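For the single chain, residues carry numbers from 1 onward in sequence order. Bear in mind the structure is a predicted one, so any value in this text is a computation, not a measurement. Computation of the quantities below employed the complete heavy-atom set of this structure, encompassing side-chain atoms and omitting hydrogens, waters and symmetry-equivalent molecules.
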Amino acid sequence: MKRISTALLTVGAMVAIDQAIKIGVEQALDYHERIDLLPFFALFLTHNPGIAFSMLSGWGAGPLIALSLAVTAFVSWLWVSSPADRIVAHFGFALIIGGAIGNLIDRTLYGYVIDYFLFHTPGWSFAIFNLADAAITVGAGLVIVDEVLLWRSTRKAD
(Lines give C-alpha, C1' and ligand atoms only; values in the text may rest on other atoms or scores of the structure.)
Protein backbone atom coordinates (compact mmCIF):
# COMPACT_ATOMS: atom_id res chain seq x y z
CA MET A 1 0.00 0.00 0.00
CA LYS A 2 2.87 2.38 0.78
CA ARG A 3 4.25 1.79 -2.72
CA ILE A 4 0.96 2.82 -4.32
CA SER A 5 0.47 5.92 -2.18
CA THR A 6 4.06 7.07 -2.81
CA ALA A 7 3.58 6.54 -6.52
CA LEU A 8 0.31 8.45 -6.62
CA LEU A 9 1.83 11.24 -4.55
CA THR A 10 4.73 11.52 -7.01
CA VAL A 11 2.41 11.59 -10.03
CA GLY A 12 0.05 14.08 -8.35
CA ALA A 13 2.88 16.37 -7.25
CA MET A 14 4.38 16.35 -10.74
CA VAL A 15 1.04 17.25 -12.34
CA ALA A 16 0.25 19.95 -9.76
CA ILE A 17 3.66 21.64 -9.98
CA ASP A 18 3.65 21.45 -13.79
CA GLN A 19 0.18 22.99 -14.06
CA ALA A 20 0.91 25.69 -11.48
CA ILE A 21 4.05 26.78 -13.35
CA LYS A 22 2.22 26.79 -16.69
CA ILE A 23 -0.57 28.94 -15.27
CA GLY A 24 1.98 31.33 -13.76
CA VAL A 25 3.97 31.60 -16.98
CA GLU A 26 0.81 32.17 -19.05
CA GLN A 27 -0.24 34.97 -16.70
CA ALA A 28 3.20 36.59 -16.36
CA LEU A 29 4.51 36.48 -19.95
CA ASP A 30 3.19 37.59 -23.29
CA TYR A 31 3.28 35.04 -26.10
CA HIS A 32 6.89 34.68 -27.35
CA GLU A 33 8.17 37.01 -24.65
CA ARG A 34 11.66 36.09 -23.48
CA ILE A 35 13.00 36.75 -20.00
CA ASP A 36 16.68 35.90 -19.60
CA LEU A 37 17.39 34.32 -16.22
CA LEU A 38 20.99 33.31 -16.96
CA PRO A 39 23.23 33.98 -19.98
CA PHE A 40 22.20 30.57 -21.37
CA PHE A 41 18.70 30.08 -19.88
CA ALA A 42 15.46 32.01 -20.36
CA LEU A 43 11.74 31.78 -19.91
CA PHE A 44 10.07 31.96 -23.32
CA LEU A 45 6.34 31.38 -23.62
CA THR A 46 5.22 29.43 -26.65
CA HIS A 47 2.57 26.88 -27.56
CA ASN A 48 3.45 23.50 -29.05
CA PRO A 49 0.67 21.85 -31.09
CA GLY A 50 2.78 18.70 -31.56
CA ILE A 51 4.90 16.46 -29.40
CA ALA A 52 8.65 16.73 -28.72
CA PHE A 53 10.40 19.16 -31.09
CA SER A 54 6.92 19.97 -32.56
CA MET A 55 6.82 16.60 -34.32
CA LEU A 56 3.35 15.49 -35.43
CA SER A 57 2.01 19.04 -35.08
CA GLY A 58 -0.18 18.48 -38.14
CA TRP A 59 -2.06 15.64 -36.48
CA GLY A 60 -4.32 17.87 -34.40
CA ALA A 61 -5.19 17.57 -30.74
CA GLY A 62 -7.51 14.54 -30.93
CA PRO A 63 -5.03 11.99 -32.26
CA LEU A 64 -2.29 13.32 -29.98
CA ILE A 65 -4.59 13.01 -26.97
CA ALA A 66 -5.29 9.39 -27.97
CA LEU A 67 -1.56 8.75 -28.42
CA SER A 68 -0.82 10.29 -24.99
CA LEU A 69 -3.47 8.13 -23.36
CA ALA A 70 -2.09 5.00 -25.03
CA VAL A 71 1.49 5.79 -23.95
CA THR A 72 0.34 6.58 -20.41
CA ALA A 73 -1.58 3.29 -20.26
CA PHE A 74 1.44 1.36 -21.56
CA VAL A 75 3.85 2.96 -19.07
CA SER A 76 1.32 2.31 -16.28
CA TRP A 77 1.19 -1.35 -17.31
CA LEU A 78 5.01 -1.54 -17.30
CA TRP A 79 5.02 0.03 -13.85
CA VAL A 80 2.46 -2.35 -12.37
CA SER A 81 4.14 -5.34 -14.04
CA SER A 82 7.60 -4.59 -12.71
CA PRO A 83 8.81 -6.08 -9.43
CA ALA A 84 8.37 -3.97 -6.29
CA ASP A 85 12.12 -3.84 -5.63
CA ARG A 86 12.76 -1.83 -8.84
CA ILE A 87 12.53 1.47 -6.95
CA VAL A 88 14.53 3.54 -9.46
CA ALA A 89 12.38 2.34 -12.36
CA HIS A 90 9.20 2.93 -10.36
CA PHE A 91 10.21 6.53 -9.66
CA GLY A 92 11.00 6.91 -13.37
CA PHE A 93 7.58 5.54 -14.34
CA ALA A 94 5.92 7.99 -11.91
CA LEU A 95 7.78 10.91 -13.48
CA ILE A 96 6.87 9.78 -17.00
CA ILE A 97 3.20 9.38 -16.12
CA GLY A 98 3.06 12.67 -14.20
CA GLY A 99 4.68 14.53 -17.09
CA ALA A 100 2.43 12.86 -19.64
CA ILE A 101 -0.68 13.78 -17.65
CA GLY A 102 0.53 17.38 -17.28
CA ASN A 103 0.92 17.73 -21.04
CA LEU A 104 -2.31 15.81 -21.65
CA ILE A 105 -4.21 18.36 -19.54
CA ASP A 106 -2.83 21.18 -21.70
CA ARG A 107 -3.61 19.42 -24.94
CA THR A 108 -7.16 18.61 -23.78
CA LEU A 109 -7.91 22.13 -22.50
CA TYR A 110 -6.12 24.23 -25.13
CA GLY A 111 -5.28 22.00 -28.09
CA TYR A 112 -1.56 22.59 -27.52
CA VAL A 113 1.09 22.24 -24.81
CA ILE A 114 2.45 25.28 -22.98
CA ASP A 115 6.26 25.41 -23.22
CA TYR A 116 8.53 27.92 -21.51
CA PHE A 117 12.11 26.74 -20.82
CA LEU A 118 14.73 27.85 -23.33
CA PHE A 119 18.43 26.97 -23.23
CA HIS A 120 20.41 29.10 -25.67
CA THR A 121 23.62 30.80 -26.71
CA PRO A 122 23.88 33.86 -28.96
CA GLY A 123 23.97 31.64 -32.06
CA TRP A 124 22.02 28.56 -30.99
CA SER A 125 18.94 27.57 -29.05
CA PHE A 126 17.61 24.25 -27.84
CA ALA A 127 13.99 23.22 -28.27
CA ILE A 128 11.63 25.04 -25.92
CA PHE A 129 10.15 22.67 -23.34
CA ASN A 130 8.38 22.55 -19.97
CA LEU A 131 8.65 20.80 -16.61
CA ALA A 132 6.45 17.92 -17.79
CA ASP A 133 8.82 17.30 -20.71
CA ALA A 134 11.77 17.34 -18.33
CA ALA A 135 10.01 14.86 -16.02
CA ILE A 136 9.32 12.51 -18.94
CA THR A 137 12.97 12.70 -20.03
CA VAL A 138 14.41 12.22 -16.53
CA GLY A 139 11.91 9.42 -15.88
CA ALA A 140 12.91 7.61 -19.07
CA GLY A 141 16.55 8.03 -18.10
CA LEU A 142 15.89 6.50 -14.67
CA VAL A 143 14.14 3.51 -16.24
CA ILE A 144 17.11 2.99 -18.57
CA VAL A 145 19.60 3.29 -15.68
CA ASP A 146 17.57 0.75 -13.70
CA GLU A 147 17.56 -1.65 -16.66
CA VAL A 148 21.34 -1.30 -17.10
CA LEU A 149 21.94 -1.89 -13.38
CA LEU A 150 19.68 -4.96 -13.47
CA TRP A 151 21.45 -6.26 -16.57
CA ARG A 152 24.86 -5.76 -14.96
CA SER A 153 23.83 -7.48 -11.71
CA THR A 154 22.38 -10.50 -13.53
CA ARG A 155 25.46 -10.67 -15.75
CA LYS A 156 27.75 -10.72 -12.70
CA ALA A 157 25.59 -13.39 -11.06
CA ASP A 158 25.99 -15.63 -14.11
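Thr121 is listed as a side-chain neighbour of Trp124, based on a closest heavy-atom distance under 4.5 Å. The side-chain heavy atoms of Ser76 and Ile97, taken from C-beta on, include a pair separated by under 4.5 Å. Under the 4.5 Å side-chain criterion, counting only non-hydrogen atoms from C-beta, Leu43 is not in contact with Arg34. In this structure, the side chains of Met14 and Thr10 stay at 4.5 Å or more apart for every pair of heavy atoms. In this structure, the side chains of Lys22 and Asp106 come closer than 4.5 Å at one or more pairs of heavy atoms. Contact of the His47 side chain with the Val113 side chain is not registered, since no non-hydrogen atoms from C-beta on lie closer than 4.5 Å.
Using a cutoff of 4.0 Å between basic side-chain nitrogens and carboxylate oxygens, Glu147 and Arg86 are scored as salt-bridged.
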Pair Ile128, Asn48 - check side-chain contact (heavy atoms from CB on, under 4.5 Å), show working.
CA-CA 9 Å; Ile128 303 163; Asn48 182 356; over 6 Å; no
Leu142 vs Asp146, side-chain contact (heavy atoms from CB on, under 4.5 Å): CA-CA, chis, key distance, verdict
CA-CA 6 Å; Leu142 289 173; Asp146 186 71; over 6 Å; no
side-chain contact (heavy atoms from CB on, under 4.5 Å), that's the test. Do Arg107 and Ile51 meet it? Break it down for me.
CA-CA 10 Å; Arg107 196 171 311 285; Ile51 58 172; 4.2 Å; yes
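Taking a 6.0 Å sphere around CZ of Phe74, one finds it holds 12 or fewer heavy atoms contributed by other residues, nucleotides or ligands. Heavy-atom neighbours of Tyr112 OH from other residues, nucleotides or ligands within 6.0 Å: above the threshold of 12. Within a 6.0 Å sphere centred on CD1 of Ile87, other residues, nucleotides and ligands contribute 12 heavy atoms or fewer. Other residues, nucleotides and ligands contribute over 12 non-hydrogen atoms within 6.0 Å of the CZ atom of Phe119.
In the hydrophobic clustering of this structure, Ile136 does not group with Val75; members are Ile, Leu, Val, Met, Phe, Trp, Tyr whose side-chain heavy atoms approach within less than 4.5 Å, directly or through other members.
In the model, Asn103 has a side-chain atom that pairs as donor or acceptor with a side-chain atom of Asn130 under 3.5 Å.
The nearest pair of heavy atoms linking Gly50 to Leu64 is CA-CD1, 3.8 Å. The two residues His90 and Ser82 make their nearest non-hydrogen contact at NE2-OG, 2.6 Å. For the residue pair Leu118 and Ser125, the shortest heavy atom distance occurs at CD1-CB, 3.8 Å. Listed here is the closest heavy atom pair of Ala7 and Ala94: O-CB, 4.3 Å. Looking at every heavy atom in both residues, Leu38 comes nearest to His120 through O-NE2, 4.4 Å.
Residue Val143 forms a side-chain contact (heavy atoms from CB on, under 4.5 Å) with just one option from Ile96, Val88, Leu95, Leu78, and that option is Ile96. When the options Phe117, Tyr116, Phe126 are evaluated for a ring pair (Phe, Tyr, Trp, His ring centres under 6.0 Å) with Phe41, the one that passes is Phe117.
Trp79 and Phe93 have tilted rings, their planes meeting at an angle from 30° to 60° on a 0 to 90° scale.
Interatomic distance, Leu131 CG to Gln19 CD, rounded to the nearest 0.5 Å: 10.5 Å.
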